[in-house]
Amino acid sequence: MSVSYAGSIQALKGIDCEIPAGQFVSVVGPSGCGKSTLLRAIAGLIEPTSGTLRVAALAPAAARRQAARLSFVFQDATLLPWRTVRGNLRLPLALRGVARAAQDARIAEALHMVGLNEFADRYPNELSGGMRMRVSLARALVTEPELLLLDEPFAALDDLTRQALNDELLRLWGAQRWTGVFVTHNIAEAVYLSQRILVLGPRPGRVVADVRVPLPAPRSAELRSQAEFARVTGEVADCLRRACA
Amino acid sequence: MKPWSQWLWKVALPPVAFFVLVVAAWQVATAFWQIPAYLVPSPARVVDAARQHADDLASASMMTAAGALCGFGLSLVAGTALGLLFSQSRIIERSIYPYAIFLQTVPIVAIAPLVVMWFGNGFGGVVVVSFILSLFPILANATAGLTSVPPQLVELFEVYNATRWQTLWKLRLPNAVPYLVTGAKTACGLSVIGAIVGEMFAGYGAEGFGLGYLISMNTGNLDTAYAFAAVIASTLLSIAIFVAVTSAGATILARWHTTTTKTSTTP
């Protein structure tokens, strides 16, 4: 499938791949290669100009409305400043028409998942950047998604916070096994999190490599210093370098 | 020194001292050059006039306040409603917005007599003039607040299949609140000016009289001290309304948890 924008800028060209349910896939590539465009096409926010894209055997926008429970985590936390943490988690449930009593139970569960119980009644501007992103993750998970799309969610965070949230995400995926599509330009992060990495070349974005990550689960922080981790990271980096050359 | 007394010295004292100085100079100047009272009355005469006509000034202030607050209230309702309409349809916004700007640039003193002719002498005419003058800041800020929602938030709502109504109610309207507060602060001052201009053209007849009437009548009668007192009363009225609106706005903004003041960039 391909995506072009009005005016002849082609963002994605000939993307051809399949992501099985329950897989965690990362998409890496140079800036401006259309990684976010791919994610937004899967979410049904934009339509491919040619080719077919199917989510749960449906066109993305239809899938989002009828079949697949989809959540999206943006680069910024995108919280509503006038709502408390609890109110922000309530938003997607209310939009989906979940009954009030069920909402409270789900919110409590999601808060517990990301360890923000004590901050339920705080407002976003009272939280740190890392905590805001945690709320954003909880908001994505509170609807119990089957497909979770993440658009460089940790790019704006410092390295320690990023690693903590990587572990958090890994743990949540291990427990819930949603299908994850994670866009990042941080190769180590992609290797650490995913079972599979799609490497996109520069504009127009196309898949230049489809790398399996053979690292066993459950993964933990020690993995970062192991030889196998370094080898896979090197392989992905090589692919990327060759694509950009 | 305690912070309180420090504030008194550094913030409150200088303007008060300046005020006393100016009033004293004014009093001395009127006496020294023997300026006739119908040209520039001395402060003492103004205070005298204010004391003598205290009842009339108070009732006129109430009348003007009623007219201004009605005009301001109408602006809040109509400005927000029009902003909602604009936020839902780009084509309606493009069609009507230029005339809203036109309405703002037309000098109010030029159309006030027409308004009085159309809406009649009395309270109605005054409220309409006040409304016309205070509508634009509300409209401009409401429109800006309703349409300048961060695009990612709009996408977030789309991802969760929000209806147009849900996006309006849960995202656009709350996003517009800080903008509306800014608009209201500008509009409330203008509503008083509008009411006074309206009163200069439209009397209340048997219902009573407002500050605008007192200013124009006493200027005409060369009772300048009384006119000055009425001008000062209208200034105090403006300040009172502004302080009330500002503190109400601050209360609302505190609940909104945004630190920045939002404002429209349109003229």
Side-chain angles (χ1 to χ4, degrees), chain A residues 36-37 39-46 55 60-85 87-98 121-127 132 136 139-140 142-143 145 147-153, chain B residues 76 80 83-84 87-88 90 141-185 247-264:
Chain A
S36 298
T37 305
L39 218 52
R40 294 170 74 241
I42 298 173
L45 295 170
I46 48 174
V55 177
R64 192 182 74 208
R65 291 204 177 83
Q66 299 159 26
R69 282 196 305 269
L70 168 88
S71 281
F72 203 113
V73 181
F74 295 90
Q75 189 166 348
D76 303 313
T78 59
L79 303 174
L80 303 180
W82 55 84
R83 286 188 178 218
T84 59
V85 168
N88 270 287
L89 296 194
R90 195 181 297 285
L91 178 75
L93 297 173
L95 293 178
R96 288 267 167 89
V98 175
D121 298 313
R122 296 294 188 87
Y123 285 86
N125 70 343
E126 300 171 310
L127 305 177
R132 279 202 286 267
S136 193
R139 181 183 60 192
V142 77
T143 50
L147 175 58
L148 184 57
L149 306 173
L150 305 109
D151 188 7
E152 301 192 35
Chain B
L76 265 181
T80 309
L84 282 170
S87 75
Q88 292 305 292
R90 194 88 196 136
N141 281 285
T143 307
L146 288 162
T147 51
S148 68
V149 178
Q152 286 196 328
L153 284 176
V154 177
E155 287 191 335
L156 177 80
F157 273 65
E158 210 180 330
V159 163
Y160 291 112
N161 306 319
T163 60
R164 204 182 175 82
W165 177 250
Q166 285 174 320
T167 308
L168 181 64
W169 195 246
K170 291 180 193 287
L171 179 61
R172 294 191 184 279
L173 213 51
N175 185 69
V177 167
Y179 292 81
L180 274 171
V181 168
T182 306
K185 283 203 269 188
S247 55
T251 313
I252 294 168
L253 284 183
R255 278 212 53 212
W256 240 250
H257 294 268
T258 43
T259 42
T260 47
T261 321
K262 300 288 176 60
T263 182
S264 74

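Naming: A, B, ... by sequence-line order, numbering from 1 per chain.
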Identified side chain to side chain contact (heavy atoms under 4.5 Å, CB included) partner of A:Leu80 from the options B:Leu171, B:Asn175, B:Leu156: B:Leu171
Under 4.5 Å from a heavy atom of chain B, the part of A:Arg83 involved: side chain
Atom group of A:Asp151 that falls short of 4.5 Å from chain B, counting heavy atoms: neither
4.5 Å side-chain heavy-atom contact, A:Leu95 and B:Lys170: yes
Side chain to side chain donor-acceptor pair (under 3.5 Å) evaluation trace for A:Ser71 with B:Tyr160: CA-CA 8 Å; A:Ser71 281; B:Tyr160 291 112; 3.3 Å; yes
Region of A:Leu91 in contact with chain B, defined by heavy-atom distances below 4.5 Å: side chain
Separation between CD of B:Glu155 and CG of A:Leu45, rounded to the nearest 0.5 Å: 5.0 Å
Donor-acceptor contact below 3.5 Å, side chain B:Asn161 vs main chain A:Arg64: yes
Atom group of A:Tyr123 that falls short of 4.5 Å from chain B, counting heavy atoms: side chain
Proximal component of B:Pro150, with respect to chain A [non-hydrogen, under 4.5 Å]: neither
